[in-house]
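Report on the following structure.
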Amino acid sequence: MSVEGILLATVIVGGTGLLLGLFLGVFGKKFQVETNEKADAVRDALPGNNCGGCGYAGCSALAEAIVKGEAPVEGCPVGGAAVAARIGKILGKEVEEKKRMTAAVKCAGTCDRTSVQYDYYGTRDCETMAFIPGGGAKQCKDGCLGYGSCVKACLFDAIHVVNGVAVVDRENCKACGKCITVCPKHLIELIPYEMNHFVQCSSREKGKAVMQSCEAGCIGCKKCEKVCPAGAVTVENNIAHIDPEKCTNCGACAEVCPRKIIF
């Protein structure tokens with residue numbers, strides 16, 4: 001190829017690149033999506049886990065909702081009070097301090113305390129196991145299946161299966177609610193972090209049936225209900241429940257529980 005040919009090719013390529021650059025620059029500005037500076041600042045203040053615990057698709061979506069007034073300033077369960085305070089400062093809003101929450105599992109039926117119907121060999125996943133005959137290998141149809149769907153869902157390494165039952169690490173738990181969503185037995189709920197008493201059972205079977213299937217099941221005897229000075233404990237459908245708003249952490253219910261299932 002001659003020198004003239006090389007120069008011509010260089011000019012053509014360079015010119016084409018210049019035109020494309022100008023084209024992209026003009027249309028980039030014309031169709032540029034304007035961003036909300038406050039929304040950007042709020043997004044930067046959020047943890048960035050994009051866990052969905054706030055009910056939105058991710059941190060960016062939550063930031064937009066907070067700025068628009070569609071979500072509360074303290075809408076991020078992972079960031080907690082510290083993040084809420086930073087967002088409040090950005091938006092010039094006062095933030096009401098919320099109680100720290102943690103997940104708790106309503107089952108204490110470990111492998112050594114519960115009866116089994118059969119030996120199971122197959123997919124180790126709670127959501128799948130819920131469709132297996134009998135609702136799983138354990139005789140208690142309301143107990144933890146122990147196959148860790150909640151463990152897989154947790155982004156903070158805050159829940160593990162120990163001896164066949166899911167156990168929450170309260171220090172790592174961010175109360176995002178992911179574990180609650182995936183549990184097919186609906187055994188997990190959020191309670192105040194400072195609450196020291198919680199009924200570790202969800203079975204609504206009558207006492208005799210419970211005793212046959214699990215050593216750690218509530219038999220609905222109502223002893224806890226009778227001794228609670230604050231009226232925080234009620235027994236309905238054969239299962240005890242403690243109202244966190246009324247509980248004073250006195251421990252009277254735990255002392256009288258014959259099954260020792262109130263931690």
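Just so it is clear, the structure is predicted and the values come from calculations on it, not from any experiment. Residue numbers run from 1 in the order of the sequence given.
The two residues I188 and C183 come nearest to each other via the heavy atoms CD1-CB, 4.2 Å. Contact detail for S213 and T114: the closest heavy-atom pair is O-OG1, 3.1 Å. The heavy-atom pair separating V210 from S203 by the smallest distance is CG2-OG, 3.6 Å. Between R100 and E194, the shortest heavy-atom contact is O-OE1, 4.2 Å. Nearest approach of K138 to V165, heavy atoms of both residues: NZ-CG2, 4.0 Å. Heavy atoms only, all atoms of each residue included: A230 and T248 are closest at CB-CG2, 4.2 Å.
The distance from the CZ atom of F156 to the SG atom of C179 is 10.5 Å, given to the nearest 0.5 Å. Here the straight-line distance linking atom CD1 of I262 with atom CG of N196 works out to 12.5 Å at 0.5 Å rounding. Considering CD1 of I87 and SG of C76, their distance stands at 7.0 Å, rounded to 0.5 Å. H160 NE2 to C150 SG: the interatomic distance, rounded to the nearest 0.5 Å, is 10.0 Å. Here CD of Q212 is found 13.0 Å from CD of E215. Values are rounded to the nearest 0.5 Å. Separating the CD1 atom in I242 from the SG atom in C253 is a distance of 4.0 Å, to the nearest 0.5 Å.
For the pair R170 (side chain) and Y193 (backbone), a donor-acceptor distance under 3.5 Å is present. Proximity of a side-chain donor or acceptor of S149 to a complementary backbone N or O of C126 within less than 3.5 Å is detected. Using modelled atom types, no side-chain atom of R259 and backbone atom of C218 make a donor-acceptor pair closer than 3.5 Å. Of the possible donor and acceptor atoms, none in the side chain of R113 sits under 3.5 Å from a partner among the backbone N and O of C111. Checked by atom type and distance alone, the side chain of K185 never pairs as donor or acceptor with a backbone atom of L145 at under 3.5 Å. Looking at N237, its side chain never comes within 3.5 Å of a backbone N or O of I239 through a donor-acceptor pair. Although no hydrogens or angles enter the test, the distance criterion places a donor-acceptor pair under 3.5 Å between the side chain of N238 and the main chain of R204.
Within a 6.0 Å sphere centred on NZ of K152, other residues, nucleotides and ligands contribute more than 12 heavy atoms. Around the NZ atom of K260, the shell of radius 6.0 Å holds more than 12 heavy atoms that belong to other residues, nucleotides or ligands.
Using a 4.5 Å cut-off between side-chain heavy atoms of Ile, Leu, Val, Met, Phe, Trp and Tyr, with links allowed through other members, V78 and V151 fall into different hydrophobic clusters. Under the 4.5 Å side-chain heavy-atom criterion for grouping Ile, Leu, Val, Met, Phe, Trp and Tyr, F198 is not connected to V168 through any hydrophobic cluster.
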Let's go through I180 and L190 carefully: what are the C-alpha distance in whole Å and the side-chain angles of both, what is the deciding distance for side-chain contact (heavy atoms from CB on, under 4.5 Å) to 0.1 Å, and is it a yes or a no?
CA-CA 8 Å; I180 296 173; L190 294 180; 3.6 Å; yes
Could you check V67 against E64 for side-chain contact (heavy atoms from CB on, under 4.5 Å), going step by step and ending with a plain yes or no?
CA-CA 5 Å; V67 171; E64 292 283 353; 5.6 Å; no
Please test V105 against Q200 for side-chain contact (heavy atoms from CB on, under 4.5 Å), starting from the C-alpha separation and ending with a verdict.
CA-CA 7 Å; V105 181; Q200 289 184 284; over 6 Å; no
For the pair C173 and I159, evaluate side-chain contact (heavy atoms from CB on, under 4.5 Å) and give the outcome as yes or no after the intermediate values.
CA-CA 8 Å; C173 181; I159 189 165; over 6 Å; no
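Side chains of L187 and C144 form a contact here, defined as non-hydrogen atoms less than 4.5 Å apart. Annotation: side chain of T234 is not in contact with side chain of D243 (no heavy-atom distance under 4.5 Å).
With respect to the salt-bridge test (charged N to carboxylate O, under 4.0 angstrom), the residues K106 and D142 do not qualify.
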